[in-house]
**Q** 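The structure that follows is given in the form of structure tokens.
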Amino acid sequence: MGRLLIVSNRLPVSPEVDADGQVVFHGSVGGLATGLGAFYQRYDSLWIGWLDQPDDVALDRYSVRERLHDEHSCVPIYLDPDDVHLYYHGFSNETIWPVFHHFTQYAVFDEEYWEAYKRVNRRFADTIAEILQPDDILWINDYHLMLLPGMLRERFPDISIGFFLHIPFPSFEIFRMLPWRESIIEGLLGADVLGFHTYDYVRHFLSSVLRLTGHDHQLGRIVIGNRVVKVDAFPMGIDYGRFAEQAEDAETDQAAERLRRDLGDRKFILSVNRLDYTKGIPARLHAYEHFLAEHPGWQRRVGLTMVAVPSREDVEHYQMLKREVDELVGRINGRYGTMDWTPVRYLYRAIPFPELVAMYREADVMLVTPLRDGMNLVAKEFVATKGDDRLGVLILSEMAGASRELGDALSVNPFDLIDIAGALGVALEMDPAEQRERLDSMQGLLSRYDVVAWATDFMEAVDEMRAMRAERGARRLTERAIERIAADYEKARRRLLLLDYDGTLVGFSRKPDAAGPDEELLGLLHKLAADGANEVVVESGRSRETLEPWLGDLNISLVAEHGALQRWRGGDWIAAPVGEALWRDDVRPIMERYVERTPGSSLEVKQYSLVWHYRGADPGLGPLRARELRDALGTLVENYDVAIVEGNRVVEVKPASLTKGRAAVDFLESDDWDFVLAIGDGRTDEEVFHVLPDDAYTVKVGIAGSRAHYRADTVADVRMLLSRLVR
Ligand code: GDG
């Protein structure tokens with residue numbers, strides 16, 4: 001197994017000078033690093049990130065690098081202060097953070113920020129390039145490094161990269177505002193696996209990819225050139241055991257005792273977060289105030305303790321928020337407080353871990369109401385500290401990723417003060433048995449899917465994609481494979497070549513009529529046909545009216561409309577006998593209605609079939625209408641012997657008995673071939689592969705599943721094979 005290289009903006013350790021003036025490194029307790037401890041011991045792993053170096057710590061970079069490597073398996077990246085300002089405080093926190101949390105009014109769009117973001121991502125790529133070994137697996141974390149997967153993919157096409165985004169991915173309508181949206185999507189798509197906390201973020205990402213690049217997905221898999229990118233939800237878990245154990249620790253007991261002494265027998269409502277505008281702190285205070293006003297009976301019998309950890313204090317919006325919160329706390333305490341009761345206890349600082357756990361453990365109600373939050377671990381940590389004999393109720397914003405999993409919390413809309421105030425009332429009155437039942441169910445889930453299960457799940461997805469790449473690589477139409485086919489070709493006396501047209505010999509274009517053959521293709525087909533040992537057949541779903549002017553002058557055979565019409569070399573068109581096409585009168589008006597309802601789509605009327613094309617339609621609407629059309633047609637054509645075939649952005653209705661496979665059999669049986677080659681990219685080509693003998697050479701273009709023996713990446717690869725045959 002290769003090494004695991006974890007990459008994040010910051011390293012999980014930071015330097016400090018101890019009492020003896022020595023530089024020591026502190027692990028960031030509770031962060032991803034601690035949680036993943038057990039997990040990444042399974043790997044030979046390294047952590048790569050920015051080493052934030054306090055001004056008062058003078059470091060000898062060389063010795064630090066060695067110590068970090070030997071003592072902490074870390075590789076530091078140093079950034080100069082300007083870049084820290086532009087890339088980290090600037091682009092990451094003033095552009096991406098607000099946009100991705102739907103706070104566009106706070107977003108700064110600044111070209112200088114963007115240039116620094118690119119520069120620092122490149123710095124990361126350079127550092128990784130220096131240490132990378134071929135079998136390494138990269139796990140890149142978060143919004144500071146969204147260009148990194150693409151930059152690494154460009155330099156190392158075959159490495160394994162997983163990327164996890166810890167914050168929400170915004171809806172396309174918001175994401176599209178970013179002037180650098182395409183570059184960000186391209187950067188992310190360099191990964192093999194893209195992980196998000198929830199399916200909603202997955203959905204938003206997939207729709208942005210479709211609209212900005214035209215790449216559609218199938219069950220979360222996107223095909224880009226010769227690669228597949230898997231996009232999926234991996235809801236991050238917590239280090240459950242650590243919280244559960246700390247809750248029963250003696251140090252926590254002491255802290256809890258002190259806390260209870262201060263609070264008396266009042267009900268204890270707790271709120272913990274960084275002081276960030278996404279966390280909905282003012283709204284939470286307003287809701288609490290509303291609750292006190294509406295429920296005077298609860299006054300003096302409850303208390304809200306609000307921990308707000310200072311954050312991004314040099315950013316203007318955070319300073320404004322700080323002032324707003326200070327004022328609100330003052331107002332509530334001034335209005336409702338008494339000599340012996342402070343309605344809001346406000347702690348503007350980070351709390352040591354044992355005390356934090358004591359607070360979780362003692363809280364009767366945990367109030368978690370962010371306006372938007374990728375996951376929210378605080379909600380999960382609260383639940384983990386409630387051992388068997390403890391109670392408490394979680395009130396959780398429906399806008400936090402965690403709400404997708406924690407269905408047993410009281411769910412609230414964080415913008416709705418009355419809703420939050422109502423939930424407070426319900427929580428404070430909740431029957432102990434119900435509290436226990438809800439906690440049990442959430443604890444079951446969180447203890448099973450903890451941080452290690454989450455990381456394992458994510459890494460398994462990365463492994464799966466790596467295995468898939470290896471399997472595809474084995475069937476790839478390499479130069480060696482081409483030589484093998486060519487050697488057999490040269491020995492053979494009678495050869496049958498069955499070639500699909502669109503997506504195989506030529507690429508797709510927006511307008512179907514624009515995909516005529518170019519000079520190179522005509523030259524290739526001409527040379528193949530000139531060899532008397534060859535029977536060259538182009539089998540297509542297109543009409544004879546299209547194929548004839550394009551390819552009719554060549555000495556090859558043509559199959560049109562998926563086998564319904566055949567023109568054997570130089571001969572006339574032969575039409576397959578089918579019954580009267582009564583179905584057309586039923587189907588055509590429906591398809592015409594879909595053309596009207598779907599701008600950019602069109603109807604093609606062929607001799608045997610009707611085709612609805614939607615390549616030119618809105619990329620989101622097209623597939624939706626295609627599904628509707630299929631449904632609408634499904635019941636209608638039940639009584640006819642017709643098939644509804646979905647192709648590459650087309651829905652086609654045709655007689656069921658006419659298939660490319662049938663036509664292939666006609667050619668197969670017409671002679672004694674000692675070399676058979678079939679190439680195609682679509683589902684209808686699978687019918688051809690199916691009817692051919694085992695020793696036939698079959699080549700699938702693209703990476704979708706196929707029974708073909710070989711796989712070509714692109715039309716250019718197909719042409720390379722054909723050129724080699726005629727050499
Ligand atoms: C981002 C996403 C996503 C908080 N106060 C204290 C303290 N903490 C610890 C908590 C918790 C962590 O900080 C906060 O995690 P959150 O998930 O709530 O929020 P973000 O920091 O914004 O994290 C978020 C997360 O990434 C993971 O993917 O869930 O949505 O925004 O672990 O315990 N710890 C101590 N004292 C405090 O006062 N000791």
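Each ligand, and each atom within it, is numbered from 1 in the order the structure gives.
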**Q** Please confirm whether His197 comes under 4.0 Å of ligand 1, counting heavy atoms of the residue only.
**A** yes

**Q** Taking the six-membered ring where the residue is Trp, are the ring centres of Tyr106 and His317 under 6.0 Å apart?
**A**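 Yes, the ring of Tyr106 comes within the 6.0 Å limit of the ring of His317, centre to centre.
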
**Q** Does the residue Tyr360 have a heavy-atom contact with ligand 1, meaning some pair of atoms that are separated by less than 4.0 Å?
**A** yes

**Q** Under a 4.0 Å heavy-atom limit, does Val309 contact ligand 1 with its side chain, its backbone, both, or neither?
**A** side chain

**Q** Does any donor atom in the side chain of Tyr318 or Asp276 lie under 3.5 Å from an acceptor atom in the other side chain?
**A** yes

**Q** Purely on distance, is any nitrogen or oxygen of Phe164 under 3.5 Å from one on ligand 1?
**A**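 So ligand 1 has no N or O lying under 3.5 Å from an N or O of Phe164.
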
**Q** Under 3.5 Å between some N or O of ligand 1 and some N or O of Arg349?
**A**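 No; every N/O pair is 3.5 Å or more apart.
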
**Q** Against the six-membered ring of Trp97, is Arg312 placed for a cation-pi contact (under 6.0 Å from the centre, within 45° of the normal)?
**A**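 Satisfied, under 6.0 Å and within 45°.
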
**Q** Indicate yes or no: does an N/O atom of Ala350 lie under 3.5 Å from an N/O atom of ligand 1?
**A**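 Checking ligand 1 against Ala350, no N or O pair falls under 3.5 Å apart.
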
**Q** Consider every N or O of Met375 and every N or O of ligand 1, then say whether any pair is closer than 3.5 Å.
**A** yes

**Q** Where's the contact between Leu356 and ligand 1, heavy-atom distance under 4.0 Å: side chain, backbone, both or neither?
**A**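 Just the side chain.
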
**Q** Parallel, tilted or perpendicular: which fits the ring planes of Tyr360 and Phe243, with parallel below 30° and perpendicular above 60°?
**A** tilted

**Q** Whether Arg242 engages the ring of Phe353 as a cation-pi pair (distance to the six-membered ring centre under 6.0 angstrom, angle to the ring normal within 45°) should be assessed.
**A**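 Yes; both conditions hold, so Arg242 lies above the ring face of Phe353.
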
**Q** Which is it for Glu355 and ligand 1 at heavy atoms under 4.0 Å: side chain, backbone, both or neither?
**A**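 Under 4.0 Å from ligand 1, Glu355 contributes no heavy atoms.
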
**Q** Does Asp253 form a salt bridge (charged side-chain N to carboxylate O under 4.0 Å, His left out) with Arg361? I'd like the steps, not just the answer.
**A** CA-CA 10 Å; Asp253 283 340; Arg361 186 186 108 172; 2.6 Å; yes

**Q** Of the backbone atoms (N, CA, C, O) and the side-chain heavy atoms from C-beta on, which set of Met236 has a member under 4.0 Å from an atom of ligand 1: side chain, backbone, both, or neither?
**A** side chain

**Q** Should His101 be counted as touching ligand 1, given the test is an N or O pair under 3.5 Å?
**A** no

**Q** Centre of Tyr348's six-membered ring, under 6.0 Å away, within 45 degrees of the axis: is that where NZ or CZ of Lys322 sits?
**A** yes

**Q** Take every heavy atom of Trp97, measure it against each atom of ligand 1, and state whether any distance is under 4.0 Å.
**A** yes

**Q** Give the contacting part of Ile238 toward ligand 1: side chain, backbone, both or neither, where contact means a heavy-atom distance below 4.0 Å.
**A**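 Contact part for Ile238 vs ligand 1: neither.
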
